[in-house]
Amino acid sequence: MRDPFRGRICAVSYLQKPEGVPRVTEQVRVRFAPSPTGHLHIGGARTAIYNWAFARRHGGAFVLRIDDTDQERSTTENTEAILRAMRWLGLDWDEGPDRPGDVGPYYQSERYDLYAESLEVLKANGGAYPCFCTPDELTAKREAARVKGGFSGYDRTCRGIDPAAASSRIDAGEPHVWRVAVPQDRGDITIEDAIRGTVTWSGESVDDFILARTDGTPTYMFATVVDDWKMGMTHIIRGDDHLSNTPRQIMVFEALDAPVPIFAHMGLIHGPDGKRLSKRHGATSVEAYRDEGVLSAALLNYLSLLGWSLDDTTNVFDADTLTSRFDLSRVSSNPAVWDKEKLEWMNGVYIREMSDGEFVDAMLPWLESESLIAADAIPARREWLEKLAPLVSERTKYFTEIVPMVRFLFADDLQIDETSRAKALSKEGSGRSLAAAVEKIEALDTFDVAHIESALREVPAEVAVKPKIAFQAVRVAVTGNVVSLPLFESIELLGKDTAVDRMRSAVSLSEE
RNA sequence: GGCCCGUUCGUCUAGCGGCCUAGGACACCGCCCUCUCAAGGCGGAGGCACGGGUUCGAACCCCGUACGGGCUACCA
C-alpha cells in the first residue's frame, strides 16, 4: 500500500499539529541554510538544489539563510564563495542576504534579539528552565549513563529546582544555561516524513537539551527552529543527518506554539568507502569542480540524479525540466555514493551538446591561462578556433584535458614524444612514407581537409606500406604523439608550411 | 551502549503484490565504424543482504538477523 503521506505537499492542512486545527497556507516556503565555515560542498549543493527545485515546482519561495552562529569559523569570504557557487549553479533565491524579504535579517548573527525574545516566551510559559549543572558534571553523568546502558540524555536534575530558588541563584550570578522542558506526558513523537514516511520516537527518548548557553547565545537546535518558524518555512528538506534531531526540534516548535513544518530527510552522499563524503574523498567543493572545467548544467544534472529520479529512463535533462518535474516522493531515502566517473560522462554529454561557438568561448580561458593564445589574437582566429572546436569537444570530459590535446597546434617547435617516435617512426617504411607524404602535401594547390586526405591516402600504395604505418608516421611527425586529434584536420589547422616543416624534420628522425 | 534510518547489478537508480525469465544509465568486456584517440552503433556479463512468516502469488507487506549510516556536544 502506498503511504498516503509520501511526497505529500498539500496546500491545505499540511501542518502537523498533533491535535491542533489544520492550518491553511498559501505558499510553499523552503530554505537552504548553509554555515559559512567553508565553501559550498557537493552535499550542501544537492540540498540547495532539492529545496530550490521544490520551491520552483510549487511556485513557492526559496529562502537563503546564512547560519553563521559559529562566530569562530564563519567568514564573509566563505559566505561570498557560497553565494557565488550557488549563482554559478543557477540556483536563484527569492529572499536572502542580498535580497531582503519581510522576514529578515537573513544572517543568524543578526537575529539574536529574536532568539532572546523566543527564549523569554519559553521562560514565561514553562517551556524552558535554568540548569546550573557544570560541563564536568554533565560529562560525568553522561559517562555513567552510558556505562549503565540505555538513555544517556540529561537527567533533569535542575528541572526540580524551585523556581524561586532558581531565580535567586540566577540573580546571584550563578552560571547557568537554559534547557527546554520536554513535557513528561508528551507521548510518542511522530512525523510523516515526505521522503521516508512515518517515523516515530518515544517521548522519553528526547532529553531536555540546551537552548541557550551560559553566555546567553542560542544553540543551533534552538536558533534554527526559531528561524524556521519566524521565516514561515512550510517544508524542511535536508540531509538525514538531521533526522535524529527532529524530535528535539519539534519539542521547541510545540513549546513555542509554532506550527510544525513538514520534514523531508534525504539520504546523505557517501564516499566510495561508505562513509559520508568529506574532504578526504577528494574534491568536495562545487567551485573545485568548476575549476576543473565541469559545466554548471552538468553538475546540476548529476547532483539532481544523485538521490532523485525523474522516471525510469531519463538521465539527461535541463534545469527547466527539473523545476517542473521535481517531486519529493521520488527522492531516495538511502545514501548515494559519489561517482565521479558518471559526472565525467555527463559533463562530456553537455560539452558535446554545445555549439562550436559556445565551445570556443568555454575553451578560450583554458588556452589563455596556458598562454597558448593571446587575448588580442582571438578575434582574427575565431574562424580557425571554430573549426578546431568539434574536433576537441568530442574528446573532452573535463576542460583540463584540452590543453595537452591542442598544444601541438600552438607550439613553435614541436616536442616529439619519445615513446611515440620509437613506436611510429622506427617501423620499416615509416621514413619512406613520410618523404612521400611531404611531397604530396607540398604539391597541394587547395589546402583543405578533403584534398589533404585524398593526397595522403595515395601514399601507402605508392610506397608499399600499410596505411596504418604510413598514417601513424605522419601523425607523430605532425602532432608529436601517436594519439592525437584527427590527422587530416590537424594538418589543415596547422597550415601547410608548418606541416611540411614538421614532416621534413621528422624524416631524419625516422630509423629506416 | 541507547535511539533512529537504510539495504535492488561495482556505482546511481526504476520497481509501491501478478506487467519482473527485475528495466535504464555510468563503469566494464566484445564486435562494428575507423588515420590514432574519442564519439557513435550493436551485443554481453553483472543485482532483489539473509532467515522466517502473510498470500493462490512477494524485490514489493510483517517479524527477526546481519551489515552499513546517522544522532546521542554549552558544533552546526
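None of these values were measured; they are calculated from a predicted model. In what follows, chains are A, B, ... by sequence order, proteins preceding strands, each numbered from 1.
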### Task
Mark yes or no for a side-chain to base donor-acceptor pair under 3.5 Å between A:Ser333 and B:C5, with no hydrogen or angle criteria applied.
no

### Query
Do A:Ser152 side-chain and B:G2 base share a donor-acceptor contact under 3.5 Å?
no

### Query
Reckon A:Gly348 touches a base, only the sugar-phosphate, or nothing at all at heavy-atom distances under 4.0 Å?
nothing

### Message
Categorize A:Asp70 for me: base, sugar-phosphate, or nothing, with a 4.0 angstrom heavy-atom threshold over every strand shown.
### Response
sugar-phosphate

### Message
Is any side-chain heavy atom of A:Glu462 closer than 4.5 Å to one of A:Val459?
### Response
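Not in contact.
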
Does [X] make a side-chain N or O approach to OP1 or OP2 of [N] shorter than 4.0 Å?
| X | N | result |
| --- | --- | --- |
| A:Lys275 | B:G69 | yes |
| A:Asn334 | B:U7 | yes |
| A:Arg276 | B:C5 | no |
| A:Arg352 | B:G40 | yes |
| A:Arg142 | B:U72 | no |
| A:Ser484 | B:U36 | no |

### Message
For A:Arg330, is there an ion pair with A:Asp311 - N to carboxylate O distance below 4.0 angstrom?
### Response
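No.
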
### Message
Roughly how many Å apart are B:C9 and B:A22, using the P atom of each and rounding to a whole number?
### Response
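It comes out at 14 Å once rounded to the nearest Å.
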
